[in-house]
Number of protein chains: 2
Amino acid sequence: MKSKASASTAADGCLTDAIKAYRDTGAPLEQCPVRDVLDQIGDKWSTLLMLTLAERAHRFGDLRRAVPDISQRMLTQTLRDLQRDGLISRTVHPTVPPSVEYKLTTLGQSLLEPLAHLIRWAEANHAAIRTARAAFPA
Amino acid sequence: MKSKASASTAADGCLTDAIKAYRDTGAPLEQCPVRDVLDQIGDKWSTLLMLTLAERAHRFGDLRRAVPDISQRMLTQTLRDLQRDGLISRTVHPTVPPSVEYKLTTLGQSLLEPLAHLIRWAEANHAAIRTARAAFPA
DNA sequence: CGGGATCCCTGCCGATACTG
DNA sequence: CAGTATCGGCAGGGATCCCG
């Protein structure tokens, strides 16, 4: 990595290496890990549910109450997608009425750490973004 | 923060605090910093362009070549949105033919650091995700 | 309680053509 | 070269109803 004497950490150089290295493989761009992961966590609800489950395991109804503005269709679907990718586990307790518990898997918990950085950045810089946005001409 | 003796870092506790603290303010959920930022970087091209610009400043055509599968409509639009949020700068050189240079702002560069964590996670765990995905019943 | 099935609409995004 | 303008598909996602 060429030194750039910038204020940031080692982030600069490493970032695009990932993309370029992948591009050089000739593999279809759609399978790029960065794109694949970002597609998943970039949807409307995944991250929010991950954060909610980071707190503690939740039942279906708990999640609805924790994220009031999600439709149960999207709740079901997002949970299934997260489970499909191995980020959360789904446990059915054969009680009556049924009870289903969702919790993060080890893989899902490992995602929390990079997410935490992003969230801290969001909180720290949200004001700056909103300011820039307001100052921008229509 | 209650100790949980989990394997992860201090991530767990801090994460949801952000959401909950915001929820408690009674402010509209739509203005939650986490949601707002995620909405922006979660779209199809923003992150990819940020990463490309992390390498070096690019002209419009350079970006098209660097990200081959983006339409010029989305390139224009995504660049404008990123500029609007103060993440990149747009400099027009009054040459003929015109030349426009895009580069990260300081704010944009600061976003690279949390993004780098996410990308490293994506690279490290992409295989696990694909495995889980393949093993999941239709 | 925890979903599945269906209807429908918005807006994201691609393709194409045109301009300074 | 660096855009703008317009059209159109279709997938993301909400609302509602139904079921074990």
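Just so you know, these numbers come straight off a predicted model, no measurement behind them. In what follows, chains carry the letters A, B, and so on, assigned in the order in which the sequence lines appear, proteins first and then strands, with residues in each chain numbered from 1.
When rounded to the nearest whole Å, the span between NE2 of A:His58 and P of C:dC1 equals 16 Å. Protein atom CG of B:Asp43 is 14 Å distant from nucleotide atom C1' of D:dG12, rounded to whole Å. Rounded to whole Å, the distance from CG on A:Asp39 to C1' on D:dG12 is 13 Å. The CG atom of B:Asp81 sits 14 Å away from the P atom of D:dG3 (whole-angstrom rounding). For A:Asp62 and C:dG3, the CG to C1' distance is 15 Å, given to the nearest whole Å. Straight-line distance from the CD atom of A:Gln77 to the C1' atom of C:dA5: 13 Å, rounded to whole Å. Between the NZ atom of A:Lys44 and the C1' atom of D:dG14 there is a distance of 8 Å, rounded to whole Å. As a whole-Å value, the separation of B:Arg64 CZ from C:dG14 C1' is 12 Å.
For B:Thr47 (side chain) and B:Ile41 (main-chain N/O), a donor-acceptor pair under 3.5 Å exists by modelled atom type. Side-chain N or O atoms of A:Ser46 include one that pairs as donor or acceptor with a backbone N or O of A:Gln40 at under 3.5 Å.
Here B:Asp81 does not pair with B:Arg84 in a salt bridge; the nearest charged N to carboxylate O distance is not below 4.0 Å.
Each of A:Thr76 and A:Pro98 has a nearest nucleotide on DNA chain C; the 5'-most of these lies closest to A:Pro98. Each of A:Gln72 and A:Trp45 lies near DNA chain D, and the nucleotide nearest A:Trp45 is the one positioned closer to the 5' end. When each of A:Arg90 and B:Ile70 is assigned the nucleotide of DNA chain C with its nearest heavy atom, A:Arg90 is the one assigned upstream, toward the 5' end.
The aromatic rings of A:Phe60 and A:Tyr102 are tilted relative to each other, their planes meeting at an angle between 30° and 60°.
Set against C:dG14, C:dC1, D:dG14, the side chain of A:Met74 has D:dG14 as its closest nucleotide. Of the candidates C:dG3, C:dC1, C:dG14, C:dG3 carries the atom nearest the A:Phe60 side chain, counting heavy atoms from C-beta on.
The side chain of A:Tyr102 contributes an N or O atom lying less than 4.0 Å from OP1 or OP2 of C:dG3. In terms of phosphate contacts, B:Arg80 brings no side-chain nitrogen or oxygen within less than 4.0 Å of OP1 or OP2 of D:dG3. For A:Arg73, no side-chain nitrogen or oxygen approaches OP1 or OP2 of D:dA15 to under 4.0 Å.
Connection of B:Leu104 to B:Val92 is established within a shared hydrophobic cluster, with ILVMFWY side chains joined at heavy-atom distances below 4.5 Å, either directly or through further cluster members.
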